[in-house]
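Okay, structure first, notes after.
Residue numbers start from 1 in every chain, and the chains themselves are labelled A, B, ... in the order their sequence lines are given, proteins ahead of strands.
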Amino acid sequence: MPELPEVETTLRGLVPHLSDQTISRIEIRQPRLRWPVPAQIQRLQHATIESLSRRGKYLLMYTDQGHMIWHLGMSGSMRILALDAASSKHEHIKMSFDNGISLRYIDPRRFGALLFVDTDPLLHKLIVSLGPEPLSDNFDTDYLQSRCMKRSTAIKNLIMDSHVVVGVGNIYACESLFLSRINPKTPAGRISRLRLDRLVNAIKQVLQCAIAQGGTTLQDFTRTDGQPGYFSQSLNVYGNKGACPRCAQAVKRITQGQRSTFYCSHCQH
DNA sequence: AAAGACACCTGTCCGC
DNA sequence: TGCGGACAGGTGTCTT
């Protein structure tokens, strides 16, 4: 589910509630997530959260007694609720705090994860190999061009590869290719610098816009206060079964890398 | 090294 | 109303 804007929205929702708060209790109601929740997580009882951040689609929580690496998978979301609020069906983790609030992790499909590390999360093997943040200056035309060189893979698959650039999932890959008017099937190595420059800008623009709107809610995703994200209203092609908003021809749906791709064959070349 | 298939899991929707 | 199948926002791992 969540791509970078949804994770960023989640992070922004958590920060004011969890910063400097001390964990009073950790309940693992269902340890079977993508990887089993490590028993060491209980070492964080009585730990104080020193900072929260995001790297790609991973949420990082630093405490004075070790650190947490979270991933929301396809259907994960987090809520801040009163300590005594009832747990929902797919609430797998409940973390209570001394200030009377609790963090709930809800994830119907259980593709998400919670990991524990003693050392800097940024050095964890899942994180250390990630590509640059798309909204940083490190992600620019020079960089993308260097990663596209000699690559025959379709450009859409390339920009969804977290080792190339983090945070671009299926929705925003489709949307940025639409904005930059590039056919998703184009081999990465055959795209001109000018068009890669447009793509870089489109990715930044789409992600920034989506963050400003609180992410995209299709089914499961909600913000930490339970509100939906509103970027779904701004989608041009993703999930579009009708006409291209630019030229009115039918939006096409194809499969790439076992994922649905939506694009306009008239506007995107 | 790169490309592609598959795995994990539950819920929803659509056609018969 | 029920059932089977396709599909869903991700990504590590395995096989070619």
Rounded to whole Å, how long is the line connecting atom [atom1] of [X] with atom [atom2] of [N]?
X        : N      : atom1 : atom2 : value
A:Trp70  : C:dT11 : CH2   : P     : 17 Å
A:Arg259 : C:dA6  : CZ    : P     : 18 Å
A:Asp161 : B:dA1  : CG    : P     : 14 Å
A:Met160 : B:dA2  : CE    : C1'   : 17 Å
A:Leu126 : C:dG10 : CG    : P     : 16 Å
A:Ile171 : C:dC7  : CD1   : P     : 17 Å
A:Ile127 : C:dT11 : CD1   : P     : 11 Å
A:Gln258 : B:dG4  : CD    : C1'   : 7 Å

Any donor and acceptor pair, going by atom type alone, linking the side chain of [X] with main-chain N or O of [Y] inside 3.5 Å?
X        : Y        : value
A:Thr186 : A:Ile155 : no
A:Ser75  : A:Arg109 : yes
A:Gln256 : A:Asn157 : no

Counting primed atoms plus P, OP1 and OP2 as sugar-phosphate and everything else as base, spell out the protein contacts along nucleotides 9-16 of chain B at 4.0 Å heavy-atom distance: B, S or - for each nucleotide, 5' to 3'. BBS-----
Would you please confirm or rule out a distance under 4.0 Å between OP1 or OP2 of [N] and any side-chain N or O of [X]?
X        : N      : result
A:Tyr58  : C:dG12 : yes
A:His163 : B:dA2  : no
A:Arg253 : C:dC7  : no
A:His71  : C:dG10 : no
A:Ser152 : B:dA2  : no

Relative to each other, are the rings of A:Tyr105 and A:His92 parallel, tilted or perpendicular (30° and 60° limits)? tilted
Parallel, tilted or perpendicular, as decided by the 30° and 60° cut-offs, for the rings of A:His67 and A:Tyr62: tilted
Going by an N to O cut-off under 4.0 Å, is there a salt bridge joining [X] and [Y]?
X        : Y        : answer
A:Arg25  : A:Glu27  : yes
A:Arg79  : A:Glu91  : no
A:Asp140 : A:Lys204 : no

Would you mind classifying the nucleic acid contact of A:Leu33 as base, sugar-phosphate or nothing, using non-hydrogen atoms under 4.0 angstrom? nothing
Report which part of the nucleic acid A:Arg151 touches: base, sugar-phosphate, or nothing (heavy-atom distance under 4.0 Å, all strands). sugar-phosphate
Same-atom distance ([atom1]) from [N] to [M], integer angstrom:
N     : M      : atom1 : result
B:dA1 : C:dT11 : P     : 22 Å
B:dA3 : C:dG9  : P     : 22 Å
C:dA6 : B:dC6  : P     : 13 Å

Quick check on A:Arg29: does its CZ atom have over 12 non-hydrogen neighbours (other residues, nucleotides or ligands) under 6.0 Å away? yes
B:dA5, C:dT13, C:dT11: which one has an atom nearest the side-chain heavy atoms of A:Lys125? C:dT13
Closest to the A:Asn170 side chain, choosing from C:dG9, B:dC6, C:dG12: C:dG9
Base-pair map of DNA chain B as dot-bracket, where | denotes pairing with a different strand and pairs are Watson-Crick or G-U under 3.5 Å: .|||||||.|||||||
As a test of understanding, state which of A:Tyr238, A:Phe262, A:Phe231 forms a ring pair (Phe, Tyr, Trp, His ring centres under 6.0 Å) with A:Tyr172. A:Phe231
